[in-house]
Amino acid sequence: MSNIPETGRTQRVQIRLIVIQVLVFSLLLTLGGRLWYLQIRNGDEYTAEAAGNGVQQVVQPAVRGSILDARGVPLADNETRLVVSASRTELLKMKDDGVGVLTRLADVLDMKAQDVRDKVRLCDSKTPQPCWNGSPYQPIPVTDEATTQQALQIRERAEDFPGITAEPTAVRRYAAPGKARTAQVLGYLSPVTDEEIQQAQDGPSPYLRSDQVGRSGIERTYDKELRGKAGVTRYEVDNLGRVMGEAENDPAVSGSTLVTSLDARVQAVAEYELAQAMKKVRDETDKITGRKYEADSGAVVVMESKTGRVISMASQPDYDPNDWVGGISGKQYAKLTSKKSNYPLLNRGIQGQAPAGSIFKVVSASAAVRGGHAFNDRYNCSSSYSLGSQTFANFESQGHGPITLGDALKYSCNTVFYRLGHEEWAKDGGIKPKKDAKNWFYTTARDFGLGAETGIDLPNEVKGRIPDRKWKQDFWKANKDAWCKEGKKGGTYVQQIAYESCLEGNQLKAYDSINYAIGQGDVLVTPIQMATAYAAISNGGTLHAPTVGKAVISPDGKTVQEIKPKVTGKLPVNAQTIKDLDKGLRSVVEPGGTAAWRFGGWPQDKIPMRAKTGTAQVYGKQTTSWFATYTDDYTIIMTISQGGTGSGASGPAVRKIYDALYGLDAEGNQDVKKALLPKPQKALPKIQPDGSIYAPKVKPYNPAPAEPEGQAADPENLIPQPPGQPGLTGSPAATGRRP
């Protein structure tokens with residue numbers, strides 16, 4: 001038994017309980033005091049600090065997909081550069097308008113301070129170069145050649161460089177394999193707009209302010225596929241910007257690869273030969289005006305006849321798409337958009353429009369057959385055709401007597417088509433059309449795809465014009481008031497024409513149909529439209545929507561989405577008429593035909609060639625050269641504005657493109673090993689196991705020296721415009737007949 005009394009033990013327990021209670025109350029009191037200190041006394045301070053914590057997004061741009069030719073040769077790809085940009089909006093918030101920041105930036109970049117300031121100032125009519133001609137709300141690139149050390153200095157001293165960014169950026173590179181720029185077909189990139197950024201904020205692919213998006217060409221058409229998906233990493237940060245943890249991570253997905261139907265080798269040949277043809281014709285003299293030909297613009301289209309796939313499309317004048325990389329300068333932009341440079345941004349393959357001249361006669365021959373005229377009947381090819389006091393003549397007033405429509409194509413006889421066009425106009429009721437008027441010459445043109453977009457996968461294609469009765473009526477309504485006002489002023493020639501147009505401008509006159517029958521007057525067509533039409537004759541009558549894109553391949557190479565040719569219609573004539581047209585066009589390159597002199601030695605038995613020459617008159621300008629050709633494999637259309645005759649200006653260049661395609665020498669001997677593309681390529685480029693695509697090398701085009709030859713008087717039939725009916729300019733902006 002214990003010797004301690006029971007009362008003593010009880011007292012000890014009570015003391016211990018008291019001590020414990022004191023400790024507990026002390027702890028509670030301390031905790032309460034601390035809570036009061038944090039929540040009451042310093043509550044506002046910590047609330048403000050907590051509010052400063054948040055989530056920051058770091059956006060990583062996706063690498064833009066490459067654009068390849070049909071064999072896998074890169075036409076456009078990327079290279080990584082460090083891009084330093086300045087936000088003009090942020091700079092203008094500073095007391096000194098950002099001068100201090102830009103001066104410090106110049107020191108880091110080893111540039112002159114004035115040069116940096118000049119780069120971020122806005123262009124106007126009074127500001128000398130350099131300056132920024134883009135939106136003032138977009139980041140303005142100062143340099144895209146910053147070093148890693150320079151970029152780190154800017155980032156580490158962010159407080160010294162507000163409004164300045166330094167980011168590694170995948171910069172577009174236009175490779176120009178074999179010196180083939182392919183400028184207007186590829187297009188270019190330019191900075192994303194504020195509106196696009198706003199629209200993308202809630203979407204799956206947010207933009208960086210330095211992002212570039214497609215603005216022209218296939219860069220624009222396939223922008224969504226090429227651009228990919230930007231990556232987003234979200235960080236939890238405190239009010240000092242210190243990272244507290246990673247909240248969420250959406251990795252970037254590179255853009256897909258676009259394989260085109262273009263062949264870089266053929267593109268190089270087409271660009272070179274078009275440029276050389278224009279250069280050469282400028283040394284020749286226009287016999288009508290006595291001046292040198294200006295040859296101010298031109299285009300050539302090479303197309304697969306059976307599919308409508310575009311193998312090459314060249315346009316002159318052209319430009320270097322790399323000029324847009326890193327932000328185009330005001331000087332460069334002014335040059336690309338000036339009248340003096342003749343608007344090199346225009347893709348004249350799809351945007352250049354002019355009267356068709358004699359290459360239009362395949363349409364008129366088809367219309368005549370639809371109107372009940374047999375193709376192989378005899379039609380009088382007289383030296384001229386009269387309408388009242390007006391006379392419409394053949395070239396050099398040459399006649400061939402009674403001939404078939406096939407021979408009318410061979411000799412390019414205008415008077416046969418004058419007569420047929422006039423007869424059909426009269427049959428329809430003339431200036432007072434019948435209710436059941438067939439208008440075969442006009443409906444046939446539309447059924448050939450003229451006067452409408454072809455549907456090519458390039459932006460901003462123009463429709464051209466088929467001046468039928470409806471167009472005449474619409475054009476008259478739009479211009480009637482101006483014509484009537486001008487016609488009241490006096491009795492000058494122009495005023496008389498205006499008055500006549502005021503009263504009768506909605507009437508389709510006899511001379512309208514006569515001119516129209518040979519592709520003159522108010523007709524406007526584009527090279528791609530005529531290529532599509534002639535390719536349809538080649539393949540037996542199928543019209544295709546021309547395509548440049550051939551396939552979209554995922555970044556890993558595992559998914560291939562082919563872009564298949566799209567049929568848009570059939571030619572409005574039967575198989576026999578197509579065969580008759582084909583035979584007539586074949587005779588054009590045979591002895592006596594208007595293009596025979598350009599195809600001497602051609603192996604017609606192995607590679608049948610068909611062609612049609614055209615020389616179109618354009619009001620206020622020299623004649624436009626057209627040359628339309630096709631084989632069983634390819635269709636080639638070339639046009640040169642203010643270039644003279646069809647076979648004279650364009651013929652030699654087209655022949656050389658065919659020689660390169662098929663591997664032919666000047667005598668017509670074929671070496672398949674030298675042939676660039678003796679048959680259209682059906683297969684896609686080979687995809688490697690890692691998803692990459694094998695890219696063969698492209699050698700520069702080195703043609704043999706051309707033999708000296710001048711503008712010959714090929715038998716194209718030029719006609720004087722009848723009084724009161726001047727023609728149209730070939731400008732892409734031409735909107736109608738001048739009064």
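In this text the structure is predicted, and so the values were computed from the model without any measurement.
With rounding to the nearest 0.5 angstrom, the CD1 atom of Ile537 is 11.5 Å from the CG atom of Asp580. The structure places CZ of Arg291 at 4.5 Å from CD of Gln622, a figure rounded to the nearest 0.5 Å. Atom CG of Leu420 is separated from atom OG1 of Thr415 by 9.5 Å, given to the nearest 0.5 angstrom. Atoms OG and CD, on Ser315 and Glu271 in that order, are 9.5 Å from each other to the nearest 0.5 Å.
Taking the side chain as every heavy atom from C-beta outward, Arg598 and Val654 never approach each other to under 4.5 Å. Between Thr443 and Trp440 the shortest side-chain heavy-atom distance falls below 4.5 Å. Contact check for Tyr662 versus Asp633: side-chain heavy atoms found under the 4.5 Å cut-off.
For the residue pair Asn506 / Lys477, no side-chain donor-acceptor distance below 3.5 Å is found, with atom types taken as modelled. In this model, no donor atom of one side chain and acceptor atom of the other lie less than 3.5 Å apart for Thr615 and Thr645. For Thr594 and Lys410, the side-chain atoms include no donor-acceptor pair closer than 3.5 Å.
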**Request:** Starting from the C-alpha separation in whole Å, work towards a yes-or-no answer on side chain to side chain donor-acceptor pair (under 3.5 Å) for Asp582 and Tyr630.
**Result:** CA-CA 10 Å; Asp582 183 84; Tyr630 66 83; 2.7 Å; yes
**Item:** Arg610/Tyr534 under side chain to side chain contact (heavy atoms under 4.5 Å, CB included): CA gap, chis, key distance, verdict
**Value:** CA-CA 10 Å; Arg610 299 81 154 182; Tyr534 273 80; over 6 Å; no
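A donor-acceptor pair under 3.5 Å is absent between the side-chain atoms of Gln390 and the main chain of Leu387, judged by distance alone.
Scored by the side chain to side chain contact (heavy atoms under 4.5 Å, CB included) test, Glu504 finds Glu500, Gln507, Lys509 as partners (sequence neighbours excluded).
Between Pro680 and Tyr634 the shortest heavy-atom distance is N-OH, 3.2 Å.
A side chain to side chain donor-acceptor pair (under 3.5 Å) with Glu424 holds for exactly one of Lys438, His373, Arg419; it is His373.
Tyr385 and His422 have perpendicular rings, their planes meeting at more than 60° on a 0 to 90° scale where under 30° would count as parallel. Ring geometry for Phe475 against Trp483 counts as perpendicular: the plane angle is over 60°, on a 0 to 90° scale with 30° as the lower cut.
Taking 4.0 Å as the cut-off between side-chain N and carboxylate O, Asp296 and Arg282 do not count as a salt-bridged pair.
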